[in-house]
Amino acid sequence: MDKLNELGEFGLIDLIKQDTIHDHGSVVVGIGDDAAALLPTPRQLLLLTTDMLVESVHFDLATTTPWQLGYKSIAVNISDIAAMGGVPRHAVVSIALPPATSPDFVVNLYKGMKEICREFSVNIVGGDTVSSPHGLVINVMVSGEVEPANLVRRSGAQPGDIVAVTGYLGNSAAGLALLAAGEWEDYNFAWPLVTTHLTPRPQVKAGQLLAGFGATSMDDISDGLASEAHEIAKASKVGIKLYAGQIPLAAELKEAADKLGKPALDYALYGGEDFQLVFTMEPGQYEAFKQAYPDITIFRVGEVVEDGQGVTLVDETGKVHALEAGGYNHFRQEEQNVLLDFNSNGPEETYRLGQEVAKALKPGDVLCLSGELGAGKTLLSQGIAAGLNVADAVSSPTFTVLNVYEGMIGDRQVSVYHFDLYRLEHPDELADIGFDHYVESGGIAIIEWPEKFAEFLPAEHLWLTLTPGHDASERIICLAPKGKRYRELCEELK
């Protein structure tokens with residue numbers, strides 16, 4: 001069978017339910033009934049956590065395999081259990097799949113899930129499978145257990161405690177940046193960074209040992225060290241002082257950061273998805289822990305201070321800086337890797353910005369224009385077209401999907417392909433309009449509503465996000481380069 005709509009829901013369940021139970025003593029009923037029936041461990045607290053992964057938001061199928069995606073979807077939840085000092089026990093997995101998905105894809109997705117569940121003795125005991133009209137969505141719930149005395153929250157840090165982490169930071173974010181740039185296979189340093197991003201390793205053992213040794217607070221680093229420091233400071237009503245020179249940065253990260261043109265420390269502070277643990281502990285206990293467990297890697301990165309001092313970073317010259325939370329925010333409009341932003345106070349300024357962008361373009365460039373209806377994407381496209389000396393009137397391709405114009409870059413004629421993907425619903429429709437052919441033809445591609453099919457975009461492109469400002473005419477236009485070529489373009493626009 002080539003597609004799920006030929007297999008059916010119950011056929012899919014039969015396909016994936018094998019080898020899902022690793023601790024038979026705790027599972028009375030697993031996959032296949034209305035609900036799972038489980039035997040809880042007496043006198044243990046029950047921990048529950050859940051995470052949802054959405055295609056084009058949390059993962060890109062162009063840069064991750066189904067196996068890696070399955071592994072990571074479980075790992076991010078196990079990491080939450082580790083941060084509470086707990087033992088992961090059971091998982092419930094729900095997936096929304098496009099009907100054209102192949103059964104082989106789903107089998108490999110679950111192979112990745114089953115592998116990490118086997119490693120940590122986690123049982124997959126149920127879930128749901130539904131159809132998705134736009135992309136793949138995975139929701140995982142993991143339960144765990146912890147002795148009441150060993151439960152660690154974010155809220156227990158005390159002034160005088162040491163702040164420490166369980167491993168190198170920033171590797172995952174740098175791995176993601178290398179994947180986005182499409183250059184990672186060329187560099188010897190890239191593989192451990194990319195692997196950290198695609199198949200993170202939850203710090204379950206370290207979490208349990210730290211909890212048993214008196215960690216006063218703990219959090220997993222999913223949104224960057226700066227963000228997690230703020231979480232602990234807020235919950236514990238304390239301040240936190242971090243020292244830049246003590247934050248552990250791998251040699252591979254430093255090489256990647258140099259290649260990507262970004263400070264290595266930024267990846268550690270703001271990158272996220274390392275899934276190491278940040279914790280606080282009384283200094284004497286910290287030293288005792290290091291002696292008791294020399295095989296557990298921990299790094300001291302700061303100290304807990306009084307509440308009024310806020311969250312700060314001490315640089316290597318001794319200067320103290322206020323440290324913003326940073327990290328990824330799903331409801332923030334701008335891209336995480338924005339290099340430039342502009343304020344437009346009216347249609348004329350948006351149009352002129354398009355003309356300025358056009359001056360920096362080269363044949364083969366791809367521009368992705370993102371923003372809600374009425375944000376000004378077509379107006380910006382018209383400015384770009386004017387800067388390319390397009391003689392024809394440029395209109396929105398909402399109903400035609402693609403408009404083609406002829407322009408000039410210097411003395412060279414160039415085709416301009418203006419896409420609007422808003423009305424497309426399925427990747428097959430991209431093939432129907434020859435999307436790849438036009439984008440790779442050496443012309444200029446301007447793509448409105450690119451977020452609908454982000455996984456099908458070239459690895460390198462310039463992403464421009466338009467959002468409304470404080471009044472009706474104002475627009476904020478953020479430029480996020482994907483790849484070396486577009487970082488150079490943004491530098492030229494500066």
Side-chain angles (χ1 to χ4, degrees), residues 2-5 9 12 16 50-77 91-113 116 127-141 172-173 175-182 194 197-200 222-223 272-273 328-333 335-337 366 368 370 372 419 421-431 435-436 439 447-461 463 465 480 482:
D2 296 327
K3 297 180 180 180
L4 290 180
N5 53 11
E9 180 180 2
L12 176 61
I16 62 180
T50 186
D51 271 294
M52 183 177 291
L53 302 180
V54 178
E55 187 175 349
S56 301
V57 176
H58 302 96
F59 61 88
D60 183 346
L61 290 176
T63 57
T64 186
T65 67
W67 190 97
Q68 291 166 334
L69 178 58
Y71 188 100
K72 186 172 183 177
S73 68
I74 301 290
V76 300
N77 286 274
V92 175
V93 179
S94 295
I95 53 176
L97 294 156
T101 305
S102 72
D104 284 345
F105 178 96
V106 182
V107 168
N108 286 318
L109 181 76
Y110 271 83
K111 281 183 178 179
M113 294 181 185
I116 189 170
D128 195 14
T129 55
V130 298
S131 176
S132 168
H134 295 303
L136 175 63
V137 179
I138 305 171
N139 187 74
V140 175
M141 187 280 289
S172 176
L176 175 61
L178 290 167
L179 287 168
V194 170
H197 176 70
L198 294 176
T199 53
S222 57
D223 295 320
E273 293 206 335
Y328 185 75
N329 182 331
H330 290 277
F331 300 102
R332 187 176 59 215
Q333 292 296 316
E335 289 292 298
Q336 191 177 4
N337 61 342
V366 178
C368 298
S370 176
E372 61 192 55
F419 294 91
L421 307 183
Y422 181 73
R423 292 183 175 274
L424 300 188
E425 297 295 336
H426 193 276
D428 288 348
E429 295 175 274
L430 290 179
F435 181 77
D436 288 347
V439 168
I447 306 168
E448 298 187 31
W449 296 96
E451 58 269 32
K452 293 201 67 175
F453 297 97
E455 67 272 29
F456 296 97
L457 299 174
E460 295 197 8
H461 55 263
W463 192 285
T465 303
K482 303 287 187 180

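For Glu273, the salt bridge (charged side-chain N to carboxylate O under 4.0 Å, His left out) partners at least two apart in sequence or on another chain are Lys72. Considering only residues two or more places apart in sequence or on other chains, Phe453 meets the side-chain contact (heavy atoms from CB on, under 4.5 Å) condition with Leu421, Leu424, Pro427, Leu430, Phe456. The side-chain hydrogen bond (donor to acceptor under 3.5 Å, both in side chains) test applied to Ser370 returns Glu451, not counting sequence neighbours. Residues meeting the ring pair (Phe, Tyr, Trp, His ring centres under 6.0 Å) test with Tyr71, sequence neighbours left out: Trp67. Scored by the side-chain contact (heavy atoms from CB on, under 4.5 Å) test, Thr50 finds Asn139, Met141 as partners (sequence neighbours excluded).
Counting only residues at least two apart or on different chains, no salt bridge (Lys or Arg N to Asp or Glu O under 4.0 Å) pair has a member in residues 51-60.
Looking at Leu136 and Leu97, their side chains come closer than 4.5 Å, going by heavy atoms from C-beta outward. Under the 4.5 Å side-chain criterion, counting only non-hydrogen atoms from C-beta, Met113 is in contact with Ile138. Considering only heavy atoms from C-beta on, Val137 stays 4.5 Å or farther from Leu53 through its side chain. Residues Val366 and Leu457 form no side-chain contact, since every pair of their non-hydrogen atoms from C-beta on lies 4.5 Å or further apart.
Not a single donor-acceptor pair under 3.5 Å links the side chain of Lys482 to the backbone N or O of His461. Checked by atom type and distance alone, the side chain of Thr101 pairs as donor or acceptor with a backbone atom of Pro98 at under 3.5 Å.
Nearest heavy atoms, Val54 versus Phe59: C-CE2, 3.5 Å. Considering all non-hydrogen atoms of both residues, Phe105 and Leu61 come closest at CZ-CD2, 3.9 Å. Pairing each heavy atom of Pro200 with each of Ala75, the nearest pair is O-CB, 3.6 Å. Taking every heavy atom of both residues into account, Ala100 and His426 meet most closely at CB-NE2, 3.8 Å. Summarising the geometry of His197 relative to Leu176, their closest heavy-atom pair is NE2-CD1, 3.6 Å, with the distance given to 0.1 Å.
Here the CE atom belonging to Met52 is positioned 11.0 Å from the CG atom belonging to Asn77, to the nearest 0.5 angstrom.
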- prompt: After noting the C-alpha distance and the side-chain angles of Thr129 and Ser94, does the key distance pass the side-chain contact (heavy atoms from CB on, under 4.5 Å) rule?
  reply: CA-CA 6 Å; Thr129 55; Ser94 295; over 6 Å; no
Residues Leu198, Leu179; criterion side-chain contact (heavy atoms from CB on, under 4.5 Å); working and verdict: CA-CA 10 Å; Leu198 294 176; Leu179 287 168; 4.0 Å; yes
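Checked against Ser73 for a side-chain contact (heavy atoms from CB on, under 4.5 Å), the options Val93, Leu109, Val140, Ile116 give a single hit: Val140.
Taking the six-membered ring where the residue is Trp, Tyr422 and Trp449 present tilted rings, their angle falling between 30° and 60°.
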